[in-house]
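Structure first, then comments.
The structure presented is a predicted model; accordingly, all values stated were derived computationally and were not measured. Naming: A, B, ... by sequence-line order, numbering from 1 per chain.
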There are 2 protein chains.
Amino acid sequence: MRQAHESEMAEDYVELIAELIETRGEARPVEIAERLGVKPPTVTKNISRLKAAGLVRREPYRAIFLTDSGQELAEACRQRHRIVVAFLCSLGIDEETAERDAEGIEHHVSETTLVAFGQALKQSWKHE
Amino acid sequence: MRQAHESEMAEDYVELIAELIETRGEARPVEIAERLGVKPPTVTKNISRLKAAGLVRREPYRAIFLTDSGQELAEACRQRHRIVVAFLCSLGIDEETAERDAEGIEHHVSETTLVAFGQALKQSWKHE
DNA sequence: GACAAAAGTTAGACATGGCTAACTTATCTA
DNA sequence: TAGATAAGTTAGCCATGTCTAACTTTTGTC
Ligand SMILES: [Mn+2]
Ligand SMILES: [Mn+2]
Ligand SMILES: [Mn+2]
Ligand SMILES: [Mn+2]
């Protein structure tokens with residue numbers, strides 16, 4: 001059975017928020033807008049949607065935090081993102097292209113496929 | 001530079017239309033609706049968009065045809081679809097999952113990545 | 001501490017891609 | 001060939017995700 005999963009928007013946002021908190025100390029709308037290539041009002045609206053979905057906690061004009069469920073989703077997304085990128089790179093694809101393609105592909109990779117990517121990745125290590 | 005590409009909707013539609021014409025002799029809205037899991041009015045609306053985009057030719061209540069440019073896009077999409085599916089299968093992923101994941105992944109695979117998939121596929125043949 | 005600049009929000013518009021209900025056209029069948 | 005059924009369309013609604021313009025709040029600087 002297919003469990004209802006978050007939108008690509010939600011996945012990209014929580015992933016990025018987790019990353020910003022880790023590397024910058026906090027997640028701010030300006031940064032998010034720049035990184036995702038959208039305008040600030042778009043970020044405001046989407047963050048409020050994430051809040052409604054229980055993925056994010058925050059009050060107006062302050063930094064953005066992840067709820068436990070947001071954390072969980074973010075970790076899963078980051079893990080998946082890393083695997084997809086590493087897998088593409090293991091095929092000889094340049095980092096830049098791998099990153100760009102992974103940003104879309106990651107949202108369509110089932111658990112089965114993710115595991116297969118992981119396996120193939122392990123194989124590619126042996127052969128080096 | 002990134003060339004403006006058709007929407008995923010457009011790609012899925014022309015791909016399916018080409019397939020239906022090949023296997024059924026003609027492409028009809030009911031079939032398209034069933035195959036894509038949407039309702040007939042959605043198909044009507046989207047077909048008219050494809051027509052506006054110059055990918056499709058047709059008059060009301062009649063079957064749907066591809067323009068030359070629609071044909072071209074359809075062929076590219078079908079080719080890409082086949083490669084992605086074959087590649088996933090070559091990783092040991094079951095056909096069903098491969099098909100489902102490919103339906104989304106195909107729209108995010110750059111030319112570079114597609115070529116890499118093709119290469120890896122050739123390799124996997126040698127090792128059998 | 002005042003005020004300028006930066007960051008963030010609100011309001012309102014738009015495109016895309018879904019849907020249902022109601023209608024029209026085409027096709028089948030007795 | 002009439003009437004029933006199937007197929008297709010239209011109208012109007014909704015959710016998502018984007019934008020610009022204008023406003024508010026926060027931050028930094030003198
Ligand atoms: Mn992504
Ligand atoms: Mn990602
Ligand atoms: Mn597809
Ligand atoms: Mn496809």
Notebook entry, point to check: Is there a donor and acceptor pair closer than 3.5 Å between the side chain of A/K45 and the base of D/dG17?
Noted result: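 Answer no: no donor N or O sits under 3.5 Å from an acceptor.
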Next item on the list: Establish, from distance only, whether the side-chain atoms of A/E8 and A/H108 form a donor-acceptor pair under 3.5 Å.
Entry: yes
Next item on the list: Could you check A/E8 against A/R62 and say which one's nearest nucleotide on DNA chain D is further toward the 5' end?
Entry: A/E8
Notebook entry, point to check: Does any N or O in the side chain of A/S90 come within less than 3.5 Å of the main-chain N or O of A/L121, such that one atom is a donor and the other an acceptor?
Noted result: no
Is there a side-chain contact between [X] and the phosphate of [N], meaning an N or O under 4.0 Å from OP1 or OP2?
| X | N | value |
| --- | --- | --- |
| A/R28 | C/dA7 | no |
| A/N46 | D/dT16 | no |
| B/S7 | C/dG17 | yes |

Between [atom2] of [N] and [atom1] of [X], the distance in whole Å:
| X | N | atom1 | atom2 | result |
| --- | --- | --- | --- | --- |
| A/I47 | C/dG8 | CD1 | P | 11 Å |
| A/E59 | C/dT9 | CD | P | 11 Å |
| B/Y61 | D/dT9 | OH | C1' | 5 Å |
| B/E6 | C/dA15 | CD | C1' | 15 Å |
| B/I64 | D/dG8 | CD1 | P | 8 Å |
| B/E26 | D/dA7 | CD | C1' | 12 Å |
| B/Y13 | C/dT16 | OH | C1' | 12 Å |
| A/L50 | D/dG17 | CG | P | 9 Å |

Note to self: Please classify the nucleic acid contact of A/R49 as base, sugar-phosphate, or nothing, using heavy-atom distances under 4.0 Å.
What the structure shows: base
Note to self: At 4.0 Å (heavy atoms only), tell me whether A/R58 reaches a base, stays on the sugar-phosphate, or touches nothing.
What the structure shows: sugar-phosphate
Next item on the list: Step by step, work out the side chain to side chain contact (heavy atoms under 4.5 Å, CB included) result for B/I47 and B/I17.
Entry: CA-CA 10 Å; B/I47 292 297; B/I17 290 165; 4.1 Å; yes
Does some side-chain heavy atom of [Y] sit less than 4.5 Å from a side-chain heavy atom of [X]?
| X | Y | result |
| --- | --- | --- |
| B/L73 | B/S69 | no |
| A/L66 | A/V56 | yes |
| A/I83 | A/E106 | no |
| A/F87 | A/V109 | no |

Notebook entry, point to check: Quick one: CD on B/E15 to CD on B/Q79, what's the gap to the nearest 0.5 Å?
Noted result: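 Atom-to-atom, B/E15:CD and B/Q79:CD are 11.0 Å apart.
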Checklist line | Euclidean distance, B/L88 CG relative to B/I93 CD1, rounded to 0.5 Å | finding: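 If we round to the nearest 0.5 Å, B/I93:CD1 and B/L88:CG are 4.5 Å apart.
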Next item on the list: Please give the angle, rounded to 10 degrees, between the axes at the start and the end of the helix from C/dG1-D/dC30 to C/dA30-D/dT1, where five pairs define each axis.
Entry: 10°
Margin query: If you take any heavy atom closer than 4.0 Å to DNA chain C, which residues from residues 32-44 of chain A end up in contact?
Written below: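 Under 4.0 Å from DNA chain C: A/P40, A/P41, A/T44.
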Next item on the list: State whether the number of non-hydrogen atoms from other residues, nucleotides or ligands found under 6.0 Å of A/R82 atom CZ is greater than 12.
Entry: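 Yes, because the 6.0 Å sphere around CZ of A/R82 holds more than 12 heavy atoms from other groups.
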